[in-house]
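The structure appears below as structure tokens.
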Amino acid sequence: MDSDVRLAAPENNNSAMMLRRAFSYNNGTTPFTERWPPWRQTLAYDAGLLFLAYRKDPRISFIPVNQKLALTDAMSQFTTHTATGIFAIPPGAHGEGDWIGATLFA
């Protein structure tokens, strides 16, 4: 009932859909020294998942779905979320005299 796949499904979010893609990465281990006590050293495991979602208006699907996931997603107990961001990707030029992003500002 509280899996991320079910919570993010369009039928549970007023038909809000996202084109989404996840990319996992693994950079292995890196020596890591804590500041206190100064003699404590360990290895930090550098691995994770980058999640990309594409929407015309993030207020319609991306933000409401992620708010729901933040509250009740069972997988959150096994993950650490470190950052998020929303970026505008301008549309391309469509013909003579057009320029990249023109329709974004029209």
Side-chain angles (χ1 to χ4, degrees):
M1 295 298 289
D2 55 359
S3 74
D4 63 322
V5 173
R6 183 162 197 244
L7 291 170
E11 55 269 14
N12 297 322
N13 292 291
N14 297 323
S15 299
M17 295 175 56
M18 292 182 280
L19 173 60
R20 24 187 222 169
R21 178 75 164 98
F23 298 93
S24 61
Y25 69 92
N26 180 349
N27 291 331
T29 56
T30 306
F32 174 73
T33 304
E34 290 186 10
R35 292 179 185 255
W36 190 260
W39 57 85
R40 186 170 178 192
Q41 295 184 1
T42 186
L43 292 175
Y45 190 62
D46 185 14
L49 182 71
L50 301 172
F51 172 80
L52 305 171
Y54 300 93
R55 280 298 300 165
K56 186 173 184 177
D57 185 350
R59 296 171 295 180
I60 294 171
S61 61
F62 181 77
I63 292 171
V65 171
N66 277 330
Q67 286 174 334
K68 183 187 285 188
L69 291 172
L71 292 174
T72 58
D73 183 10
M75 190 169 64
S76 292
Q77 63 185 319
F78 305 106
T79 61
T80 302
H81 303 271
T82 58
T84 189
I86 297 177
F87 304 93
I89 301 172
H94 297 288
E96 186 74 29
D98 198 8
W99 46 278
I100 293 176
T103 56
L104 184 65
F105 300 108

Under 4.5 Å between side-chain heavy atoms, counting indirect links through other Ile/Leu/Val/Met/Phe/Trp/Tyr residues: same cluster for [X] and [Y] or not?
X: Phe51; Y: Leu69; result: yes
X: Val65; Y: Ile60; result: no
X: Leu19; Y: Phe23; result: yes

ask   = How would you list, by chain and number, every residue that makes a side-chain hydrogen bond (donor to acceptor under 3.5 Å, both in side chains) with Thr29, sequence neighbours excluded?
value =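 Scan of Thr29 (side-chain hydrogen bond (donor to acceptor under 3.5 Å, both in side chains), adjacent residues dropped) gives none.
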request  = Tell me, please, which residues at least two apart from Asn26 pass side-chain hydrogen bond (donor to acceptor under 3.5 Å, both in side chains).
outcome  =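 Per chain and number, Asn26 pairs via side-chain hydrogen bond (donor to acceptor under 3.5 Å, both in side chains) with Tyr45.
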inquiry  = Taking atom CD1 as the centre, does Ile100 end up with more than 12 heavy-atom neighbours from other residues, nucleotides or ligands that are less than 6.0 angstrom away?
reply    =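 Not more than 12 within 6.0 Å, no.
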task = Report, as yes or no, whether the 6.0 Å neighbourhood of atom OH on Tyr54 holds more than 12 heavy atoms from other residues, nucleotides or ligands.
result =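 Not more than 12 within 6.0 Å, no.
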key: salt bridge (charged side-chain N to carboxylate O under 4.0 Å, His left out) contacts touching residues 59-87 (sequence neighbours left out)   =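 Of all non-adjacent pairs touching residues 59-87, those that pass salt bridge (charged side-chain N to carboxylate O under 4.0 Å, His left out) are Asp57-Arg59.
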key: Contact list for residues 2-14, test salt bridge (charged side-chain N to carboxylate O under 4.0 Å, His left out), sequence neighbours left out   =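 Found none.
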request  = Rounded to the nearest 0.5 Å, what's the gap from CG on Asn66 to CD1 on Ile63? Could you check?
outcome  =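 CD1 of Ile63 is found 8.5 Å from CG of Asn66.
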ask   = Could you give the distance from CG (Leu7) to CG (Asn13), rounded to the nearest 0.5 Å?
value =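 Spacing of CG (Leu7) from CG (Asn13) equals 8.0 Å.
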Below 3.5 Å, can you tabulate the donor-acceptor pairs from side chains in residues 83-99 to any protein atom, sequence neighbours excluded?
residue : atom : partner : partner atom : Å
His94   : NE2  : Gly92   : O            : 3.4
Asp98   : OD2  : His94   : N            : 2.8

inquiry  = So does Met17 get a backbone contact from the side chain of Arg55, meaning a donor-acceptor N/O pair under 3.5 Å?
reply    =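 At least one qualifying donor-acceptor pair exists.
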Shortest non-hydrogen contact from Leu49 toward Ala22 =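 Distance-wise, the nearest heavy atoms are CD1-CB, 3.6 Å.
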message = So which atom in Pro58 and which in Pro64 form the shortest heavy-atom distance, rounded to 0.1 Å?
response =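 Answer, listing the atom of Pro58 first, then Pro64: O-CD, 4.0 Å.
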task = Not counting sequence neighbours, which residues clear side chain to side chain contact (heavy atoms under 4.5 Å, CB included) with Asn27? List them please.
result =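 For Asn27 the side chain to side chain contact (heavy atoms under 4.5 Å, CB included) partners, ignoring immediate neighbours, are Tyr25, Asp46.
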